[in-house]
K.L.:
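If you scroll down you'll find the structure; I have some questions about it.
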Amino acid sequence: MRSLRSRLFLLWALSLAASLAVGTLLVGLYRQSSSAQFARAEAVAVQACDAIAERYAFYAAGWAGPAQTGDASFRSDLGTVVSLALAPFPELAGGIWEQDSGSLAATTPLNDALTTAIGGLAGEIATDGPAGTRLEMEGTTLVMQACALRGPVRGLSAWAMARLPATPGADKARLGLGVLLALALGMTGLLTWTVLAWRHRIAAIEAALSAHAAGTLRLAATGEHELDRIVAALNLAGERLAQAQARSDALAARVAVSERLAALGRVAAGMAHEIRNPIAAMRLRAENALAGDDARRRTALAAILAQIARLDHLIAELLAMTQRSEPKTAPVDVRALLEACAAEHRDGRVAVVVVVEAAAMVAELDAAVMRRVLDNLVQNAMRHSPDGGVVTLRAEHDGAVLRIRVTDTGDGVPAELRSSLFEPFVTGRPDGTGLGLAIARELVQSHCGQLELTDPGPGAVFTIAIPVGAIPMGVGVACPSS
């Protein structure tokens, strides 16, 4: 029940149930009222019929009866009996009926329907005792009761009749039910229109939000007061978000500038430190050469050339790190690549072992670039491994990513260096430049991959992860462009 539609449907169902309950109550009350009126009318008719029977019994006491039931004086006497008996019941009509000759006395004219009904009641009396019936006539309901008259004349019966409106209270009941039906239909229509209108307006808001890409969010008013309050809040939130985004972009730009300046400062400081030592050494050698003989000059020049070579190597590494080039990929046998790297670096002091998960594993790589990365990592691992240690090159894949791990048995990376290990000029060796791992990471990233220090512990484990999809020999998978 979290949606507006379900809640409105529940409200409509409850309203419909209430309308049905009220309608049922009205019908029940109407029927109960009608039944009560009919019951009262029947009771009065029975009393009137009994009153006629009592008056007739008094009239016929000790009398042998007339010669013929059609005698005028006899009919007049019966009319008097009926009038006296019905005097307490002015709203009722009644009379005396003779089974063979018909009506002998009546306080109201009898038409064919009444004659048929009274005759039928008289016939029932002869077999079943007192009888009653209801007859609809000219918009009224006639409640009739009949009973046998005991006396010297056989076949006589008294009847009494009460008149009631055909359906007491029916107009009011129909009016009430009609009003209820109209209210239920109106409520259903209103709720349906509300649901459809809200769905349309909410869909328009959703479409506007989905289409919004950049800039200040502005939603049009819907015409619904409650929705327009939400729209106004969204517009205000959009304006604030745009302002916050602008401030964030400006701050990010300043942070990026600051980071570039900081990185430039670190590189400049590292370069100054790395260049200053060779320059100082060359200056000292040059001063010694000026003050010495030819042999000292030759020695000094050789040392100066060595320092120049060191500077040249440093500059080459800096260029390699800053000038990323697109790799020229081709299908490469991973095992052959690792075996070639291991064979070149075995020196008898540290063993280099190759472990490849599959018998034949090929991936789309730039062999020269990856060989440079592996050479750097293997050299670094061998420098930090003790005599008799082992450096392991392990290749594996999980269907989409090629992973090459370089593991050594040294003391591992110091904790203080792990967070900045791949930054330029960060090194744990006095004679290192701190550019090897930074360059290796840049070269791996050119393959859309990652180079990370994983599972630091007794030894260091460097993992190369490249999403090129290692596959069986003979098929290549291109690295996705970054």
K.L.:
Got L453 and V413 here, is their nearest side-chain heavy-atom distance under 4.5 Å?
P.N.:
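Sidechains of V413 and L453: in contact.
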K.L.:
Does any non-hydrogen side-chain atom of E91 lie less than 4.5 Å from one of V44?
P.N.:
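A side-chain contact exists here, since the closest heavy-atom pair is under 4.5 Å.
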K.L.:
If you round to the nearest 0.5 Å, how far is CD of Q243 from OG of S248?
P.N.:
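It comes to 13.5 Å.
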K.L.:
Do side-chain atoms of D408 reach the backbone of G459 as a donor and acceptor pair under 3.5 angstrom?
P.N.:
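No; zero donor-acceptor contacts below 3.5 Å.
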K.L.:
Is there a side-chain contact between Q145 and P130 in this structure, where contact means two heavy atoms from C-beta onward sitting under 4.5 Å apart?
P.N.:
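SC-SC contact between Q145 and P130 ruled out.
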K.L.:
Do V406 and T392 come within less than 4.5 Å of each other through their side chains, counting heavy atoms only?
P.N.:
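V406 vs T392: side chains apart.
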K.L.:
Under the criterion side-chain contact (heavy atoms from CB on, under 4.5 Å), which of I466, I464, L402 is the partner of H447?
P.N.:
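Result for side-chain contact (heavy atoms from CB on, under 4.5 Å) with H447: I466.
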K.L.:
Is the closest side-chain heavy-atom distance between I404 and L374 below 4.5 Å?
P.N.:
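Yes. Closest side-chain heavy atoms under 4.5 Å.
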K.L.:
Should the pair K328-D366 be classified as a salt bridge under the 4.0 Å nitrogen-to-oxygen rule?
P.N.:
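D366 and K328: not salt-bridged.
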K.L.:
Looking just at side-chain N and O atoms, do E136 and T141 make a donor-acceptor pair shorter than 3.5 Å?
P.N.:
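The criterion, which ignores hydrogens and geometry beyond distance, is satisfied for T141 and E136.
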K.L.:
Return the minimal non-hydrogen interatomic distance between P386 and V350, and the atom names on each side.
P.N.:
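Distance-wise, the nearest heavy atoms are O-CG2, 3.8 Å.
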K.L.:
For a quick test of reading the model, state the closest non-hydrogen atom pair linking H384 to N380 and the distance between them.
P.N.:
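Here H384 and N380 meet closest at ND1-O, 2.8 Å.
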K.L.:
For a side-chain contact (heavy atoms from CB on, under 4.5 Å) check, start with the C-alpha distance between T463 and V461, then their side-chain angles and the critical distance, and finish with the verdict.
P.N.:
CA-CA 6 Å; T463 301; V461 181; 4.1 Å; yes
K.L.:
Mark yes when over 12 heavy atoms from residues, nucleotides or ligands other than D112 sit less than 6.0 Å from its CG; otherwise mark no.
P.N.:
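No.
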K.L.:
Would you find a donor on one side and an acceptor on the other, under 3.5 Å apart, between the side chain of T140 and the backbone of R163?
P.N.:
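Side chain of T140 to backbone of R163: no pair is present.
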K.L.:
To the nearest 0.5 Å, what is the distance between CG on L114 and CG on L142?
P.N.:
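The CG atom of L142 is 6.0 Å from CG of L114, to the nearest 0.5 Å.
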K.L.:
Between atom SG of C341 and atom CZ of R346, what is the distance when rounded to the nearest 0.5 Å?
P.N.:
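Nearest 0.5 Å value for the SG-CZ distance: 9.5 Å.
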K.L.:
Distance under 6.0 Å and angle within 45° of the ring axis: does R405 meet both against F462?
P.N.:
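Because its charged atom misses either the 6.0 Å distance or the 45° angle limit, R405 does not stack over F462.
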K.L.:
Taking the side chain as everything from C-beta on, heavy atoms only, tell me whether V143 gets closer than 4.5 Å to M161.
P.N.:
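The answer is no, as the side chains (C-beta and beyond) never meet within the 4.5 Å cut-off.
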K.L.:
Determine, step by step, whether L365 and T329 satisfy the side-chain contact (heavy atoms from CB on, under 4.5 Å) criterion, reporting the C-alpha distance in whole Å, the side-chain angles of both residues, the deciding distance to 0.1 Å, and the verdict.
P.N.:
CA-CA 4 Å; L365 301 170; T329 61; 5.7 Å; no
K.L.:
For C448 and P467, work out which heavy atoms get closest and say how close.
P.N.:
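Closest approach of C448 to P467: O-CD, 3.2 Å.
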K.L.:
Do M382 and D347 have side chains that get closer than 4.5 Å, going by heavy atoms?
P.N.:
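The answer is yes; the side chains approach within 4.5 Å.
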K.L.:
Kindly check if the number of other-residue, nucleotide or ligand heavy atoms within 6.0 Å of CZ (R240) is above 12?
P.N.:
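Open: at most 12 neighbouring heavy atoms sit under 6.0 Å from CZ of R240.
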K.L.:
What pairs with E344 under side-chain hydrogen bond (donor to acceptor under 3.5 Å, both in side chains), at least two apart in sequence or on another chain?
P.N.:
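Here the qualifying residues are R371.
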K.L.:
Check L135 against A117 and note the closest heavy-atom contact, atom names and distance.
P.N.:
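Looking at all heavy atoms of both residues, the closest pair is CD2-CB, 4.3 Å.
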K.L.:
How close do L451 and R441 get, heavy atom to heavy atom, and via which atoms?
P.N.:
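The answer is CD2-N, 3.7 Å.
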K.L.:
Mind checking the CG-CG spacing from L393 to L337? Nearest 0.5 Å is all I need.
P.N.:
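Answer for the CG-CG pair, L393 versus L337, is 9.0 Å.
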K.L.:
Do D375 and Q379 pass the side chain to side chain donor-acceptor pair (under 3.5 Å) test, and can you show the C-alpha distance, the side-chain angles, and the key distance before you say yes or no?
P.N.:
CA-CA 6 Å; D375 288 343; Q379 291 172 3; 5.5 Å; no
K.L.:
State, yes or no, whether a side-chain contact exists between L251 and D249 at a heavy-atom distance under 4.5 Å.
P.N.:
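Not in contact.
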K.L.:
Run the side-chain contact (heavy atoms from CB on, under 4.5 Å) test on V332 and M370 for me, step by step, so that the C-alpha distance in whole Å, both residues' side-chain angles and the decisive distance to 0.1 Å come before the verdict.
P.N.:
CA-CA 10 Å; V332 175; M370 291 307 301; over 6 Å; no
K.L.:
Checking side-chain contact (heavy atoms from CB on, under 4.5 Å) for the pair M361/H397: CA distance, chi angles, key distance, verdict?
P.N.:
CA-CA 9 Å; M361 186 184 297; H397 71 86; 3.5 Å; yes
K.L.:
Shortest non-hydrogen contact from V390 to T409?
P.N.:
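Looking at all heavy atoms of both residues, the closest pair is N-OG1, 3.2 Å.
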